[in-house]
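Quick note on labels: first sequence line is chain A, next is B, and so on, each numbered from 1.
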Protein chains: 2
Amino acid sequence: MERKKYSIGIDYGTQSGRALLVEVATGKEVASAVVSYADGVIDEQLPGTNSKLEFDWALQNPENYLDVLRQGVPEILKASQVDPEDVIGLGIDFTACTMLPVAKDGRALCQIPEYIHNPHAWVKLWKHHAAQDEANCLNKIAASRNEAFLARYGGKISSEWLIPKIWQILNEAPEIYEAADSFMEATDWVTMQMTGRDIRNSCTAGYKAIWHKQDGYPSKEFFQALDPRLENLVEEKLNSPIVPIGSKAGELTPVMAKQMGLKIGTAIAVGNVDAHAAVPATGVVTAGKMVMSMGTSICHLLLGEEEKTVDGMCGVVEDGIIAGYFGYEAGQSAVGDIFEWFEESCVPSNYVEEAKARGINIHKCLEEKAAKLLPGESGLLALDWWNGNRSVLVDTHLTGVLLGATLLTKPEEIYRALIEATAFGTNMIVETFTNAGVRIDELYACGGLSQKNNMLMQIYADVTGREIHIARSLQTPALGAAMFGAVAAGEKGGGYDTILDAAAKMTSIKQTYRPIPENVARYEKLYAEYKILHDYFGRGANDVMKRLKEIKRNTRNYNA
Amino acid sequence: MERKKYSIGIDYGTQSGRALLVEVATGKEVASAVVSYADGVIDEQLPGTNSKLEFDWALQNPENYLDVLRQGVPEILKASQVDPEDVIGLGIDFTACTMLPVAKDGRALCQIPEYIHNPHAWVKLWKHHAAQDEANCLNKIAASRNEAFLARYGGKISSEWLIPKIWQILNEAPEIYEAADSFMEATDWVTMQMTGRDIRNSCTAGYKAIWHKQDGYPSKEFFQALDPRLENLVEEKLNSPIVPIGSKAGELTPVMAKQMGLKIGTAIAVGNVDAHAAVPATGVVTAGKMVMSMGTSICHLLLGEEEKTVDGMCGVVEDGIIAGYFGYEAGQSAVGDIFEWFEESCVPSNYVEEAKARGINIHKCLEEKAAKLLPGESGLLALDWWNGNRSVLVDTHLTGVLLGATLLTKPEEIYRALIEATAFGTNMIVETFTNAGVRIDELYACGGLSQKNNMLMQIYADVTGREIHIARSLQTPALGAAMFGAVAAGEKGGGYDTILDAAAKMTSIKQTYRPIPENVARYEKLYAEYKILHDYFGRGANDVMKRLKEIKRNTRNYNA
């Protein structure tokens, strides 16, 4: 019998990186290791310096990413006793847009002593929000020029994305902009550290850097209109090859092979993004299936056969998720976060005591009580905008609503109404896609929320009227990255030639929620009411939420 | 020096009666005693019988009312060592409409063995809600006949009022209807027990029995249209003299004088209603001043010089509060009740623990935190309809709304938003009166909520932009009743000839809240937003609240 082959997936999160060793033939997860970033999220002071950061900054130390390779990979090899000779490939996925300025020799600028004290030389994490002015200005100029790319991003480029972040560097630290040979996504930079080759992936290029497979980056004229100094940004600092997700980026260099304890020449996949890597790990590699990556927020990913304009989506990118398909992304900016807020801020002490007395956690206690309610029985309806609305309204200034409260309203009724509201938010996204001609036959779910919450998942099935299949894996991003590692190796190298083949062997569904017809009928009525409120508060009929935020802002300024 | 004179006020609440002994010259409250009703609120089973009641019934035993006279009055005399010779008058106030069928000899029908097993022979308490069908039917017929009286009651007769309650008796127990020589408000019946004379007061007649000083009761034709058997209701069963509030009803009979320990012939005022009796006790006896009786709900009472039609008020009655004025009544159906709901259902356990550790109650803890916020600082806005809207929308099917929630929203912010919402509700009432030409120069407040909550009262002053004067007395209904007792005695009898004189001597203001100009300006903006939502949800643009209640009802039926 031939020896088992393995692939490694490395999932770079916000606080740590996770290395996962997977059996290529079956997808069995053999060993995993989590390495916390020594410097975590840098939002107060640069490590080893006195440089203070402003409040909406969020940086990271790229050295921490390499530590995940150097510590995590040997750890899983040791734990599993797998021979490095049998590790055929490796893929990574990352938060995005997490970007950095890079020197000609491939080092991050912040790794060069000359620049270490300049915060703009460090990695800007996805949630670095200090480029909002640049984003606002970019959106204004793009709209006034009728730039076609806007429609691909729901009409708005986020301050979290690459071009605003680069522009902030130019505005605030032109010497860093000048010194940078290139700006890279961290996922591409880490991949380059392993292979020695600067190959960019189509996913972050498409979703975060306004790149399009046919049209490329925005025009020179557009960049010139932003700032004359940006005119040649693409040729000068973004001019590396961009290849589809699923491609091989290169092979492990001798230096890194030694540090990681792997064999020289191990196949390395091009970099990827966490939620996007989770799609094939959920078993979805063809059109008509929407994957919900469910946690503090929900990321909705869908494959389509054509490029359509869909109202308020986050982006559509050819080869963005699976090569050969248009990858659509949409999202809800707070889901699990809302329930956590509720559990921390709104659950009365007698419920906490009851849970304690029964030896269950408060979440379980609320779920039990809420599960006894029928749809509509509480008389409550909520709008799930506790952290604004990402899709389909693309408006961070919207806020949460609870309607229908009476003196008899109970905590579990509010809890259930909040869950239902997030399900209505997902249904609004599903409906918007299907109305735009992008079909959705089935839903798939992965991520923490989909694994632990039966009632929630049943509500999502009932509200959307669709079956929802739950991924077996608890770490779909890392599994997906490992699958792409196996594809980078190819069938000849002991892996697979396509991600379809990999998905067929390496993934499975652990459970399916099926809509209950009576509940579907009841939720149709409630969703109709949600839609009326959604449009009334979200589409300009009553901008009370924005005016309240403005009043709030003025109050604080006045007070300061 | 002449001996001090005293008057007694007796306040009949829902669970107990309170007797208060007051110094006539100064209003000083000398002694008080609370007597609980032995049978309390009868809502499950008739005392001494096996007769079960349906769920929306609420009865009382009239014998319990007499016990308050027999026990409470001797108790305050004993405690104060006041000589009964020096007690010059007595007045009572009551919940309303609290009504009963009365035999020709003045006994309640339920005091006669023949009728004791029939629940319709007992007192129907104000919150007996089993006459809703009759009320709905009455309103429909009144509207179709364009009955002028509807406008005096905000367009709707409540199921709690006299005519629906009488009609329920006729429908369900015609033998009781037949046996009743008369139907009386409990306040008039208890007064009659003391004086031996059947004299009705203009307050309950006007606010609860559709009586008008000029037009009298509704017409024979109207009653005939309701039910041919009701055609002669007024002549046959409501045909007693009705006199203005402030009149003398009669003098204490020898039998009752003996039972109560008072002197024979003590002056007895005509019966009154609790919130209405509180008005002169707050010092208000002229036009332009609105009294807010603030507790679980708010009752707004206002004197005017003319009869105006005001949108959605509860009633306007000539001589209804103070003789010579038109008494206007409006209300908010839940105020303190909302805060209690919040404290019980929505305050997280770490707040409860903090309050405990600091040795303060949770209410105090929330108030402290909420008081640190500026108007508008939370970004929240609420609609105070947790128990429907009494004025100005007169709609029990409306429900509460909280808007503006984010992941950073704190419990004290919600708490303050709820308080502000009730203040906006009061301001809507103030505005509706003034827009209708009934002027309001100042606000006065009495009742528990006005005594304990500095922040709340300041918010009310800031939202309404008006000074609010707080009554000194903690038991304004009983004090008001005692004041009317002193007026019944007259100046010659050691009291006062008018309630104006009594108010000048017997009441005072303990504190005044003055609007803070910056806050007034801020609340104007928030109130403008409240008004938009109030009209959107309350005046038919989006009847989502009613549809949710309908869905809720159907769900329960389906489930049952």
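- Chain B forms more heavy-atom pairs under 4.5 Å with one residue of A/Val347, A/Ile551, A/Leu402 than with any other, namely A/Leu402.
- Taking both residues in full, the closest heavy atoms of B/Pro411 and A/Ser345 are given as CG-O, 3.4 Å, listed atom of the first, atom of the second, then distance.
- Ranked by heavy-atom pairs under 4.5 Å with chain B, the list A/Thr406, A/Asp337, A/Leu408 is led by A/Thr406.
- Here A/Arg547 pairs with B/Glu529 in a salt bridge; the nearest charged N to carboxylate O distance falls below 4.0 Å.
- If you tally non-hydrogen atom pairs under 4.5 Å between each of A/Ser349, A/Ala528, A/Gly400, A/Ala405 and chain B, the highest count goes to A/Ala405.
- The contact between B/Phe537 and chain A is made entirely by side chain atoms (from C-beta outward), counting heavy-atom distances below 4.5 Å.
- Of the residues considered (A/Leu526, A/Leu533, A/Thr409), A/Thr409 shows the highest number of contacts with chain B, using heavy-atom pairs under 4.5 Å.
- With chain A as partner, the option from B/Ile338, B/Asn387, B/Leu407 having the largest number of non-hydrogen pairs under 4.5 angstrom is B/Leu407.
- Only the backbone of A/Glu344 comes within less than 4.5 Å of a heavy atom of chain B; no side-chain atom from C-beta onward does.
- Counting only heavy atoms from C-beta outward, the side chains of A/Ile532 and B/Asn542 approach each other to under 4.5 Å.
- The side-chain heavy atoms of A/Leu548 and B/Leu403, taken from C-beta on, include a pair separated by under 4.5 Å.
- In terms of modelled atom types and a separation under 3.5 Å, the side chain of B/Trp341 and the main chain of A/Lys410 share no donor-acceptor contact.
- Between B/Lys552 and A/Glu377, the closest heavy-atom pair is CG-O, 3.3 Å.
- Listed options A/Ala334, A/Gly388, A/Cys346, A/Pro375 were ranked by heavy-atom pairs under 4.5 angstrom with chain B; first place goes to A/Cys346.
- Counting heavy-atom neighbours within 6.0 Å of A/Lys369 NZ, excluding the residue itself, gives a total above 12.
- No other option in B/Val544, B/Val352, B/Leu383 has as many heavy-atom pairs under 4.5 Å with chain A as B/Val544.
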